[in-house]
Amino acid sequence: MLIKVTAGTYQGLWRVISAKDTQAYGKALDLALPDSQTLERGNAPLRKLHADGLEILPQRSLVGHSAAGITYAAKRTRKPKSP
């Protein structure tokens, strides 16, 4: 399923990998970039996504979604852990 978030930390177009209910975050989603199989953002709180303008995109057939006007999520790199 593809979702679009219009503002905030999770702004952009995402593919939902899984949905879960955790003690730490409550209801949360694991997110990947639309054209990727790997986890990009884990434990994205559903209440935060909803507050930031979560939109569930309709499922399409082979033609996909129009990319006009969609801002893809910025890829963030993690800082290496210090020893």
Side-chain angles (χ1 to χ4, degrees):
M1 168 191 310
L2 290 179
I3 62 170
K4 181 173 133 183
V5 182
T6 56
T9 307
Y10 299 97
Q11 181 177 5
L13 185 65
W14 298 97
R15 188 170 56 80
V16 176
I17 294 177
S18 68
K20 54 191 169 185
D21 191 3
T22 65
Q23 279 188 316
Y25 300 101
K27 291 179 176 64
L29 301 176
D30 284 341
L31 304 173
L33 295 174
D35 56 353
S36 174
Q37 295 292 331
T38 59
L39 177 67
E40 184 68 30
R41 303 291 296 274
N43 294 324
L46 199 53
R47 60 180 155 64
K48 173 130 177 65
L49 294 172
H50 188 266
D52 289 343
L54 172 69
E55 178 185 344
I56 299 172
L57 298 176
Q59 289 187 352
R60 304 280 173 123
S61 61
L62 298 175
V63 295
H65 293 280
S66 171
I70 293 179
T71 305
Y72 283 88
K75 187 164 184 171
R76 300 166 89 183
T77 56
R78 295 182 183 201
K79 295 179 183 175
K81 291 184 179 179
S82 58

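Going from atom CD1 of Ile17 over to atom CD of Glu40 covers 9.0 Å, rounded to the nearest 0.5 Å. Separating the NZ atom in Lys27 from the NZ atom in Lys20 is a distance of 14.0 Å, to the nearest 0.5 Å. Here Lys4 contributes atom NZ and Leu13 contributes atom CG; the two are 8.5 Å apart, rounded to the nearest 0.5 Å. Atoms OG1 and CG, from Thr6 and Asp52 in turn, are 7.0 Å apart once rounded to the nearest 0.5 Å. Atom CZ of Arg15 is separated from atom CG of Asp35 by 9.0 Å, given to the nearest 0.5 angstrom.
Side-chain heavy atoms closer than 4.5 Å link hydrophobic residues (I, L, V, M, F, W, Y) into clusters, and following such links, possibly through other members, connects Leu33 to Met1. A chain of hydrophobic side-chain contacts below 4.5 Å, direct or via other Ile, Leu, Val, Met, Phe, Trp or Tyr residues, connects Val16 to Val5.
Of all non-hydrogen atoms in Ile3 and Leu29, the two that sit nearest each other are CD1-CD1, 4.3 Å. Between Leu31 and Trp14, the shortest heavy-atom distance links the atoms CB-CE3, 3.7 Å. When every heavy atom of Arg47 is checked against every heavy atom of Tyr25, the shortest pair comes out as NH2-O, 4.2 Å.
You'll find the side chain of Thr9 reaches within 4.5 Å of the side chain of Arg41, heavy atoms only.
For the pair Asp30 (side chain) and Asn43 (backbone), a donor-acceptor distance under 3.5 Å is present.
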